[in-house]
Amino acid sequence: KNMMVSFSLYTLLMMVSVLSLRKGLYKYQITQYTWTMVTICIVVFQTQAVFHLIYAGLFWFVLPSALVICNDIMAYYCGQLLGKKLIRRRFLELSPNKTWEGFLGS
């Protein structure tokens with residue numbers, strides 16, 4: 001359906017462009033029309049390529065993000081449930097609320 005709408009609009013624009021040509025300005029008008037079409041093609045094809053690359057690479061963005069989120073959640077819950085019950089030794093001096101159980105749970 002979108003292809004038909006695009007084609008119809010393109011055909012309508014082409015007809016209006018041809019009907020609006022004026023005698024004595026053909027070369028200028030065709031040159032302007034050509035540059036407009038070239039610019040539109042460049043923009044459309046580059047945008048289409050960018051979207052294709054984004055969707056093709058979306059998996060490589062979502063998977064690492066999901067792994068980091070799951071890792072942090074498991075570290076938090078293991079630290080809350082088992083924290084300082086199995087191993088009494090401090091994990092890091094820099095962050096006193098971190099526990100060995102949270103580290104191992106992640």
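This chain uses plain numbering: 1 for the first residue, then up along the sequence.
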Exercise answer: donor-acceptor pairs, residues 20-31 side-chain atoms, under 3.5 Å, sequence neighbours excluded:
residue	atom	partner	partner atom	Å
S20	OG	V16	O	3.2
S20	OG	S17	O	2.9
Q29	OE1	R22	N	2.9
T31	OG1	K27	O	2.7

Listing, residues 71-82 side-chain donor-acceptor contacts under 3.5 Å, not counting sequence neighbours, or none:
residue	atom	partner	partner atom	Å
N71	OD1	S106	OG	3.3

Working to the nearest 0.5 angstrom, can you tell me the gap between M14 CE and M37 CE?
7.5 Å
Donor-acceptor contacts under 3.5 Å from residues 56-64 side chains, at least two apart:
none

Can you list everything that forms a side chain to side chain contact (heavy atoms under 4.5 Å, CB included) with T11? Sequence neighbours excluded, please.
F7, M15
Tracing side-chain links under 4.5 Å among I, L, V, M, F, W and Y, which residues wind up in one group with W35?
none
List, by chain and then residue number, the residues other than V38 in its hydrophobic cluster (Ile/Leu/Val/Met/Phe/Trp/Tyr, side-chain heavy atoms under 4.5 Å); write none if there are no others.
I42
